[in-house]
Structures are given as structure tokens and as C-alpha cells.
Amino acid sequence: MTAESPKNERADRYNAREAEARWQKVWDAAQIFATKNDDPRPKYYVLEMFPYPSGRIHMGHVRNYTMGDVVARFKRAMGNAVLHPMGWDAFGMPAENAAMAQKVHPKAWTYSNIAAMKKQLQSMGLSLDWAREVATCDPSYYKHQQKLFLDFQKAGLVAREYRKVNWDPVDQTVLANEQVIDGRGWRSGALVEQRDLYQWVFKISDYSQELLEALDTLDRWPDKVRLMQKNWIGRSEGLLVRFMLDPATTPNKESELEIFTTRPDTLFGAKFMAIAPDHPLAQAAAKTNPKLAAFIEECKHLGTSQAAIDTAEKLGFDTGIRATHPFDPSWKLPVYVANFILMDYGTGAIFGCPAHDQRDLDFVNKYGLGNTPVVLPPNTDPKTFVVTDVAYDGDGTMFNSKNGVIDLNGMTPQKAFDAVANLLAGTTRGNRPVAQRQVNYRLRDWGISRQRYWGCPIPVIHCDKCGVVPVPDKDLPVKLPEDVTFDKPGNPLDRNPAFTNVKCPSCGGDARRETDTMDTFVDSSWYFIRFTDPWNEQSATTPAIANKWMPVDQYIGGIEHAILHLLYSRFFTRGMKKCGYVGIDEPFAGLFTQGMVVHETYRTKGGEWVEPSNVKIEGLGDARTATLLKTGEPIEIGSIEKMSKSKKNTVDPDDIIAAYGADTARWFMLSDSPPDRDVIWTEEGVQGAWRFVQRLWRLVGEIANVSAPAAKPATFGEQALTVRKAAHRALAAVSDDIGKLRFNRCVAHIYECANALSDAIGHIETAPTPDLAFALREAGDILVRLFHPMMPHLAEECWASLGHKSLVATEAWPELEPALLVETSVTLPVQINGKKRGDVTVPRDAGKDEIEAAVLALDAVQKELAGRRPKKIIIVPQRIVNVVV
RNA sequence: GCGGACGUGGCGGAAUGGUAGACGCAACGGACUUAAAAUCCGUUGGGAGAAAUCCCGUCCGGGUUCGAGUCCCGGCGUCCGCACCA
């Protein structure tokens, strides 16, 4: 497991380190990856999710950017004007944490990280247009974001709400619902508390239905991501129903309780009502009922404890209030406060039908309220059907559902839903219908206020006289002050009078500047549009140019952004369209989510994690043992996990590039594992990739030594034809698979091609015949262009050694001779009753009669038939023959 | 709990319903070398056989089909997402 340095220096080997630096300089000098906005060729926009400048790139970046680079280089060779930019998602908490820990200013920290990481990315040989580089923390970027905020505000997409928010006590900031994972902050891991604060929000929920429907148009997105977004938006259709309350039992003047239900068909099975602990009716009832007040207080605590949520016992408290059933004035239902009812979904109140809802059933079983089934499962006897511990939520036929007001018996639940909805919608009480149909979404508005320094300032001013006043355009950007301190928790902007004390733009009086900054997900919700014209100082975009390049044709990044970043970006693009910045709704036409880079973990008997470079592995399979390199102390080999600093199972891209070169790292990243699955990083695998780099170099060297006729020979001999077929077969296969991002198969095809060429050269006794020489040179030219997207430096070196004066990076993709893929004869496997018993070789276009004759002539078939006639012969042309006897 | 994906050699993985295991890694045997590394040649799913060849084999049990790793039904297992959503 020691990273033995390959001997790059030997003269007979390809010196990756030297060659890679050299070609990177050549590319840079020739400016071949700079993209012009007036390029007339068909556009192709390929983008990888831009990195957070943490300081160093990791293997996940290497994998992500290698994939994007393969696509970019391939599309360039295919004749597209390719836009392939890179930038920095540069605002965020780590910069402030570093400021606190290391006494370095977030700006200095961020920019030095950017410089370091840029150098690392450049060492990978990525074909990026660095002239378009943006950093979201730069005023030249966030100036436009502030203008976008104000434009969104004018367009009604921004609101300021007094909101119950998720407060991260460690990071001292508000988190969006999406940023709370299992009750903990997504970054700090701290238990999240509930607090009430004024929050700026983007009204993403205005687009719930549109964001949901448009998912169907994203046919080049993974189904998985579309489904995750669909579930996140969480549409449900139901009925809002107003229940009358028994006046004698209500604590205040409330005469009604409005509930939301998706199952009005089960109203005859109702046994109770339940309201959220923070429902106004519950609050009112608690005023005169100390026990209820205590219960409500208890619910609040339960909500924040992770363990309590997991065990999730359904608890309730009878308020004493009674509600009247809408179908029967004499039917009274008890109203409970229940800990499993959420105030922010529906109306914060439900009716409970225990027979057909598991939660409700658990609840009545605890409080002895009983249940009445009203949906009869198919093929079930109504006399014997009972519900005890398991609620029935399937389809069936309505029963037990009839009185003088309505008769649902015999209907399907769907029909019953409509019957109930129609009846109650047509019944009025106090000039309003008793019920109305309603669609609910799980998706909440996007709270963007963050009490942090290192973010984009929200460009508004608070004036006692004029209220909230937008910063005038001429005063943009609202720049972050640089003289800030991080010696105390909380937002440094709050204690910066030079920043906060301003004059009201409206009345000129003393006013206070907003100190909240924007969630960094705002920064990344439009950077892909900014890349189209990052030079525009006046506006976030130049619409004609944005419309030329957008949408992104291929977006590549991690699955962890399946909901947050991608949903916000879809919303933001719609907002920008509404404000006239772009003409499209969907920012990403094609999406690919790549797998993680994982590695075995190692730890001492004492439980301490050990870095792979310190471990020596011996043996095979289950018998593998590991010891500490220095001391020989035994090490436990742990599970394979995502590379992470905490488990010390990381491999530094810099070390790999220094030892083997970028091409080896790139090739290994693309080999073996399908790109959407995890790839296991192994030292053996990297060495295998490095050996192949050397092998290609030797192979091309041998081909370069072949002197071939300038003109294409009129005919090719068998050997030459074999070589040509191998090259063109690989060409066809790689072209197809690269377009589908199946890089692991591309790698296999390139191996096959190289194997075939090595084989052909190995069989040459003295000098190749002219036709073979020509075929080898042709195949060499094809092979080099085929692996160029994956290993661009090696490809340049090989291309030059083959005598070409051009750069392979600017060469067109090889042209396929389809005739070479067509075989003149085919060998068909012959099965008898589905088992292979031989094969026949027939002309490619042989008719069924001809094939049948050849098959029947086979010894194996003759023997099996023993004179009988076959029952049936199935002939699939150019595929297989099956004889049924 | 709900939703989804997946299950193939020692390992990563190939395989429009049509010869299962392409390609790579690892391993083993050989050549070259004083030796090693590198390189090259060969073997490599299991079993029987001297060989030709045959039998078994894609998590388990059924089914559809001339033919199933692939499609359908029922299990088991792994992974991912969501989770008191009414």
C-alpha cells in the first residue's frame, strides 16, 4: 500500500509529469478552450457543480471534473461550440470558522484557497474557459444578486415573514427545512431549536405546481432525482371541511374547526378530531386548563428530541370540546390535542378515521375510542371484517356509510370522495360552503435570511418612518465591510455601526441597514447563467447571450444536491425569466449524478483511524491482514466508506498526480465502475491505469516507427482488415458510449482496440506490408483521438509522435467507415431446446432456408433428431438458431 | 412505516429477451534477467473426463417463453431517499 514512486525519469518511459506541464502550457498559450459568444457552431454547455473553496481538491472533485472534461472534449471534437466554465461557490460558514480559529479574514482565507485549488485543477489538464471564472463572494458577482433580489421583490417573489425557524445553536444561524437533517443542522450536526424570527423568504411555493409538472419534461434527468423532487414538493389533493363546534364546550368564541383531509370518503368511520399543540384552539383551551397547558408544553420538548421522534408514541389530550359530524347533528366527536399533528401542514387539524389510518388506529387503541371500518377489502365478508391492530388503507367498496343525509354504500372510495365533496361543497353555512376541495403541498417557502457575515448582504434598509426600503440601484453593490471581528458568536455585521447606520433612501432620516445575508444556496442558483456573459457589468445577464447558451446541456454533480440546489435553481431560473433576464424555465436539460469515491478504512485495535499510506496489506480475500507500516502493529481492515478526513481514508489528488500524472488519475476514475455508482479507490487500480498509460505510449511509438504509404491502398489483406475493423469497431462503440456517459465501457473498448493493435504488431515478422502499415497508422490515429478526452496529455504526446503538427485537442472526431462494421459472414450459435449444441457459419444475408439447411446438416442436430422431424426451428437472423425437438 | 434502486467469478463490473462472465484488477504457470522490477506469452466460475466433450451455474421459490441475469408473482438481503403530511 505504499505509494511507490514510478520511475518517471527513465528515458524509455513516458514522463507524465514533464509532458503534462508542457502540454498545459501549449494549450494555455493557444487559448483553445476560450469560448466566444459569437461562435456560430451548434452550442453545447457542459457544467460540473462548482466547488466550495475549502482549500484543496479531493478525489470527488477529480471524478466529477474528469467526467465533465471528457464530455467537453468529445463535444468539441464533434464540432460543437462548447461552453465549459469553472467558478467558486465562495461564500459560506467555513471561512468564518477559519476566521475565528486562525485569526485570518474570511476574504483572505477564501481567495488564497481559490488560488491553491485553481492550481490543482489546472494540473488536471481540464479544458476549461478560465476567462469566465467567477467567485460568488466577489462584489462584481453579488452586486447582480442583490439586484436580482430587488427585482424578485418587485415581482412579488420575496416576502418578509415572522416565522418559526430552525435555529442552529452552534453555527448561530437559521436553517431552511431542507438544511435540517434528522433534526440536526446539515453542516454543524447540532440539534436544531425552534425560534420565532423575521425572515426574508423566496416564494418558491408559488411555483409548487409548476415545478412539479415540469419534472415530466426533464427526460434527461435521472428518474431517481425527479422522484425525490416530486416527493419533496409533496402534492396531495383533499377537502377542507368546517366542523361545527358544540358551543357549550368551546373555550372561546370559536364556533368551527376547519380540518384538511385526503380521505373524506371515510367520514362515517370518524371517531375523534385532533389539533396541533400550537393550534389557536388548543392555545385558547389551555388558558383555562392547566393540565392541557402542561401537555402542550411537553409536546414542544418532544418535538426537538431525536429519540422522541424515533420512538414516536402517539399522545393526546382530550380538550373537552365536542365537534358535530357534518352528516349528523347528533353525532358528537371529541377534540383532542395530539402530538403528531403539525400546525404547518393543512390546517393543523384533522378528523381521525382509525379503521383506515394506522396513526389514527394507534391513537384510538391507546385511548379506547374504538373503530368502525367503512371500506371493505375485495372478496371480504362484511360480517366478519374487523380492524384490530392494522389499519386497512387499500381499495375496496364502501359500507357502513349510509344515513338520511347521504348514502355511500357500494361506491369505490374515489366515487365516495366525490360524492362527499359535492354534497358538502353545495351545503352552505354562514354564506360559505361547508367544504371545498384543496390541493396541499409539502413544499415550504424558502427562508434565505442568515445571521452571518460571509454572505451576500440583503440590499434593504429599515426606516422607522418608511418601513422597509430597497437600496437604490445606484448604491449597489452593498459591499461587505472588511473591518470586522470574529471574537464573539453571532453576526459581526450587527456590531458594525459603519455598516448598519445609514440614511433612509426614501426620507433621508436615520435608518438601519439590514444585517442578514443570503443563504449561500442563492449564490449557486444562478451562477450557471452568469457564466454565459460574466463580463456584463450592468446586469446579471445579457438575455440574448444567456438564451443562446442556456439551458445547460449536461450538468454533472453529486446526488446530495438532488433536492436543495437543483430545486432552488429551477425556481430561481423561473424568477429570472419573470424579471426578463432569460427566456427559459428549466436551467438543466441533462443531469448526471455521479457516485462517490470510496476507500477501505483502517483502524488500530485502540480504535484510532489510520491513513492508507501508513498501512501495509498482505494476503488475499478474507485472509488479508494489515499492519502499521512503521511498527508492524496489527491493523483492523474496516468497511469501505466515502473518503473523509475524519476516517482518514482519503487519498490526496496532488500526491497521485505527482506520482503518476493527471492522465493516470483521470483514467482510473473512469475505469471499471459505472459513473453513477461509487468507485473504490485502490492502489492496484491506479497502478493498472499507470501501466496502461505506459503501454499506450509504447504501442504508439511502435506504430510511429511504421512507414506507411501516403495513399490509401486499393485493397487490404486479412491482417490489415483485422486492424481496421478493430479500430472502427472501437470508434463506433466509444462514440456511442461517451454520448451516454458510460465511461467504463469506453475504457473497455479502448483496451480492446489497443490489445488488437498490439497483437497485430506482435505478429509482424520483419516489415509490415504496405496495406498493413497503412492500416496501423490509420488505427493509431483513431486510437489516440479516442482516448484523448480521457487522457489529453498523453494523447497530445502520442499525436505529435505520430508526426502530426496540430493539437489533438482541436482535432475532429475520427470519421467512421460503417462498411467495416459489417461482417460478410456470421457465426450463429445453434441451440437444441435452448441449450447450445454447436454453431453454423453462414453468409451475413443468408435466407432462413439456407440457415435451416446448414443447421440440419450439423452432426449434433442429426444425432439429437435421430431421424425425426424437428417440431420447430426458430431463426433470429444474425443472432441465434434454436431447434425445438 | 412509505417510496425507490440493486443482488452476476477471488474483486470492480459486461451482457437491445438470444453463446453469461466483455474489459480491467488480483492470482497462478512460463519466457527474458546473475537476481529483482518492468515487459512479453499462457491459464483462471464450479464439477467430471486422458481428450473430444458433458453436467451445474447470475440471492431463493414459482411462472411466462422455442429461449430468462434480463419479463411477471412471492420471499430474503443490501443500499439510498423521505418520514407523525392528515
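Below, chains carry the letters A, B, ... as their sequence lines are ordered, and counting in each starts from 1.
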Checking base pairs now: Watson-Crick or wobble, both atom distances under 3.5 Å. What partners [N]?
N: A14(B); answer: none
N: C40(B); answer: G30(B)
N: C71(B); answer: G63(B)
N: G81(B); answer: C2(B)
N: A51(B); answer: none

(message) Using only modelled atom types and a 3.5 angstrom limit, is any donor from either the side chain of Arg879(A) or the base of U19(B) paired with an acceptor on the other?
(response)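 In this structure, the two groups form no donor-acceptor pair.
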(message) Here's a test of your reading of the structure: between Asp357(A) and Arg677(A), which maps to the more 5' nucleotide of RNA chain B?
(response)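 On the 5' side of the pair lies Arg677(A).
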(request) Would you please classify the geometry between the Tyr602(A) ring and the His599(A) ring as parallel, tilted or perpendicular, with 30° and 60° separating the classes? (result)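 His599(A) vs Tyr602(A) ring planes: perpendicular.
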(message) Just N and O in the side chain of Arg837(A): are any of them under 4.0 Å from OP1 or OP2 of C55(B)?
(response)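 Indeed, a polar side-chain atom of Arg837(A) lies that close.
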(request) Would you indicate, yes or no, if A83(B) has its OP1 or OP2 atom less than 4.0 angstrom from a side-chain nitrogen or oxygen of Asn231(A)? (result)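 So the side chain of Asn231(A) is outside the cut-off, no N or O lying under 4.0 Å from OP1 or OP2 of A83(B).
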(message) Is the distance from the ring center of Trp690(A) to that of Phe668(A) below 6.0 Å?
(response)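 For Trp690(A) and Phe668(A), the ring centres are not under 6.0 Å apart.
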(request) For residues Tyr336(A) and Phe317(A), establish whether the separation of their ring centroids is below 6.0 Å. (result)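 No, the ring of Tyr336(A) stays outside the 6.0 Å limit from the ring of Phe317(A), centre to centre.
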Show the atom names and distances, to 0.1 Å, of all donor-acceptor pairs under 3.5 Å that link a side chain in residues 747-758 of chain A to residues at least two apart or in another chain.
unit_1, atom_1, unit_2, atom_2, d
His749(A), NE2, Asp737(A), OD2, 2.8
His749(A), NE2, Arg745(A), O, 3.4
Asn755(A), OD1, Arg695(A), NH1, 3.2
Asn755(A), OD1, Arg695(A), NH2, 2.6
Asn755(A), ND2, Tyr751(A), O, 3.4
Ser758(A), OG, Ala754(A), O, 3.0

(message) Can you identify which nucleotide, out of A86(B), A26(B), C54(B), has its nearest atom closest to the Glu684(A) side chain?
(response)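 My answer, after comparing the listed nucleotides, is A26(B).
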(request) If the glycosidic angle is within 90 degrees of 0 it's syn, otherwise anti, so just tell me which one G4(B) is. (result)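 The base of G4(B) is oriented anti (glycosidic angle more than 90° from 0).
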(request) Nearest 0.5 Å please: distance from the CD1 atom of Ile875(A) over to the CG atom of Asn882(A). (result)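 The distance works out to 10.5 Å.
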(request) For Gln436(A), check side-chain contact (heavy atoms from CB on, under 4.5 Å) against everything at least two apart and list the hits. (result)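 Gln436(A) satisfies side-chain contact (heavy atoms from CB on, under 4.5 Å) with Leu240(A) only.
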What protein N or O atoms touch nucleotides 63-66 of chain B N or O atoms at under 3.5 angstrom, if any, and at what distances?
unit_1, atom_1, unit_2, atom_2, d
C66(B), O2', Asn882(A), ND2, 3.2
C66(B), O2, Asn882(A), ND2, 2.6

